[in-house]
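Lettering follows sequence order; numbering is per chain, from 1.
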Number of protein chains: 2
Amino acid sequence: MTRTLNATAASLLGFLHEGPLTGWDLVATAQQRIGDFWSLTQSQVYRELTAMAEAGLIEAGETGPRARRPYTLTEAGRVAFAEWLEGDVTEELIRSPLLLVVMFGRHVPADRLAEVIATHRHLHEQRLALYEKQLTEPPAGEPDPYAAATLDFGLRYERAVLDWFDALPEVVRGAS
Amino acid sequence: MTRTLNATAASLLGFLHEGPLTGWDLVATAQQRIGDFWSLTQSQVYRELTAMAEAGLIEAGETGPRARRPYTLTEAGRVAFAEWLEGDVTEELIRSPLLLVVMFGRHVPADRLAEVIATHRHLHEQRLALYEKQLTEPPAGEPDPYAAATLDFGLRYERAVLDWFDALPEVVRGAS
DNA sequence: CCGCACATGTAAGACGTTACATGATTGT
DNA sequence: ACAATCATGTAACGTCTTACATGTGCGG
């Protein structure tokens with residue numbers, strides 16, 4: 001019995017509530033639906049799937065074409081997921097190399113700092129555009145207020161970040 | 001021997017530009033100055049210090065009272081830090097268990113969801129209050145525009161998060 | 001003179017990243 | 001028949017977390 005289900009594994013169980021999925025499907029699904037606030041890799045997914053299958057939380061089905069192996073949620077898996085939801089919801093973790101560079105800006109040549117900032121501002125602009133597109137073009141099927149809430153978080157976050165970029169004083173911004 | 005400096009180690013070098021510091025001092029300094037956007041633990045700090053001393057980027061000084069061992073930046077360390085600043089500044093990483101729970105809100109009992117959200121809203125309120133206090137009570141010494149910029153990021157981030165909480169629809173918020 | 005905070009360090013395991021290896025099948 | 005994509009998996013390493021072990025000196 002695993003009393004120690006991590007958030008990544010738990011998320012996979014979450015997706016499996018909607019029906020059997022293969023590792024490949026889960027990688028794609030996770031990256032689409034939670035990738036913006038919970039990064040994971042293909043390697044991790046297969047590892048967790050193997051471990052969870054061994055622990056009886058999921059069951060591998062018949063191997064299909066191209067070695068597709070769909071996993072099905074078991075009753076134990078449902079319980080483990082519910083238990084995970086009851087556990088501590090830890091604080092979010094932000095690790096921002098950009099802010100690190102800004103903090104040590106005193107040691108960064110002005111043009112380099114300007115370049116780094118411009119690059120990142122652009123990345124956030126693009127991400128905001130992507131989110132705004134998702135807003136106007138919601139996926140087919142019944143609307144999901146929970147997914148909408150996480151999208152709203154992303155929108156507000158990206159807007160706040162862009163506002164921050166635009167409010168940076170010229171000393172920090174590096175260029176004039 | 002080069003190009004394998006991680007952001008955590010680089011940050012320690014960054015702080016050592018201001019003068020010799022012990023591992024203990026570095027843990028405290030790092031948590032104070034970058035802890036809000038770059039988490040690190042005591043264990044990591046001692047490990048990186050040992051590794052960097054071996055690599056000649058820093059030098060351990062005389063052991064003082066209570067086994068205090070101040071580390072001094074070497075010229076090689078200065079170079080390594082400068083090189084790190086020239087390398088790729090990767091995108092920020094956000095890992096938010098809260099957003100995970102919200103995304104899977106469909107599977108969370110309404111009162112539990114309400115509880116989780118209230119708890120986190122409170123945490124962010126406190127963090128905002130802390131940042132606002134830092135704004136009005138800047139640390140002694142000459143003002144640092146770079147530190148001010150990272151603080152501004154925190155302020156904007158926390159305000160955006162609180163706005164998000166307050167805009168959550170009741171279906172998601174859990175309570176009625 | 002005693003307790004608490006200071007201060008360093010190690011060990012072990014969990015988690016994450018990158019790269020590579022292997023093969024099947026679909027579409028052209 | 002061939003390339004591109006699908007799909008799974010492993011190996012190796014790097015990073016992070018948690019817990020523990022050990023001792024010191026300052027303040028009351």
Undergrad: Is it true that A:Glu18 and A:Arg33 have a side-chain N and a carboxylate O under 4.0 angstrom from each other?
TA: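 A salt bridge links A:Glu18 with A:Arg33.
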Undergrad: C:dA14, OP1 or OP2 - any side-chain N/O from A:Asn6 closer than 4.0 Å?
TA: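 Looking at the OP1 and OP2 atoms of C:dA14, neither is under 4.0 Å from any side-chain N or O of A:Asn6.
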Undergrad: Respond yes when some side-chain nitrogen or oxygen of B:Arg47 is under 4.0 Å from OP1 or OP2 of D:dG14, and no when none is.
TA: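 For D:dG14, neither OP1 nor OP2 has a side-chain N or O of B:Arg47 closer than 4.0 Å.
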Undergrad: Let's see if you can work this out: which of D:dC6, C:dT8, D:dG9 has an atom nearest to the side-chain heavy atoms of B:Thr22?
TA: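 Nucleotide nearest to B:Thr22's side chain: C:dT8.
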Undergrad: What verdict does the salt bridge (Lys or Arg N to Asp or Glu O under 4.0 Å) test give for A:Arg159 and A:Glu132, after you've listed the backbone C-alpha separation in whole Å, the side-chain angles of each residue and the deciding distance to 0.1 Å?
TA: CA-CA 11 Å; A:Arg159 286 195 197 115; A:Glu132 277 170 346; 3.7 Å; yes
Undergrad: Can you tell which of C:dA7, D:dA7, D:dA19 lies closest to the side chain of B:Gln42?
TA: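 The closest nucleotide is D:dA19.
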Undergrad: Rounded to whole Å, please give me the gap between CD in B:Gln31 and P in C:dC6.
TA: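 Going from B:Gln31 (CD) to C:dC6 (P), I get 13 Å.
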Undergrad: Atom CZ of A:Arg69 to atom C1' of D:dT8: distance rounded to whole Å?
TA: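 Checked: the CZ to C1' distance equals 8 Å.
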Undergrad: I want to verify a distance call: between C:dG9, D:dA7, D:dT17, whose nearest atom is closest to the B:Ser39 side chain?
TA: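 So the nucleotide nearest the side chain must be D:dT17.
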Undergrad: Starting the side chain at C-beta, find the nucleotide from C:dG9, D:dA7, D:dG9 nearest to B:Tyr71.
TA: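 Nearest listed nucleotide: C:dG9.
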Undergrad: Just N and O in the side chain of B:Gln44: are any of them under 4.0 Å from OP1 or OP2 of D:dT17?
TA: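 So the side chain of B:Gln44 is within the cut-off, an N or O lying under 4.0 Å from OP1 or OP2 of D:dT17.
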Undergrad: So for B:Ser43 and C:dT10, does any side-chain atom that can act as donor or acceptor lie under 3.5 Å from a complementary atom in the base?
TA: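 Yes, the side chain and the base share a sub-3.5 Å donor-acceptor pair.
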Undergrad: Pick the nucleotide of DNA chain C nearest each of A:Thr41 and B:Gly23; which residue has the one closer to the 5' end?
TA: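 Result: B:Gly23.
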Undergrad: For A:Leu85, is there any backbone N or O sitting under 3.5 Å from a side-chain donor or acceptor partner on B:His107?
TA: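 Looks like no, no N/O pair under 3.5 Å.
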Undergrad: How close or far is atom C1' of C:dT8 from atom CD of B:Glu62, stated in whole angstroms?
TA: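 In whole Å, C:dT8 C1' and B:Glu62 CD are 17 Å from each other.
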Undergrad: Please determine whether a side-chain nitrogen of the Lys or Arg among A:Glu91 and B:Arg127 lies less than 4.0 Å from a carboxylate oxygen of the Asp or Glu.
TA: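 A salt bridge is present here (some side-chain N lies under 4.0 Å from a carboxylate O).
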Undergrad: Within the structure, does a side-chain N or O atom of B:Tyr46 lie under 4.0 Å from either OP1 or OP2 of C:dT8?
TA: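 Affirmative; the distance criterion is met.
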Undergrad: Quickly work out the A:Leu5 CG to C:dC15 C1' distance and round it to whole Å.
TA: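 The distance from CG of A:Leu5 to C1' of C:dC15 comes to 14 Å, rounded to the nearest Å.
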Undergrad: What's the CE-C1' distance between B:Met52 and D:dT15, to the nearest Å?
TA: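 So the two atoms are 15 Å apart, to the nearest Å.
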Undergrad: Run the ring-centre check on B:Phe104 versus A:Phe15 and record whether the distance is less than 6.0 Å.
TA: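 Close enough - the centres of the two rings lie under 6.0 Å apart.
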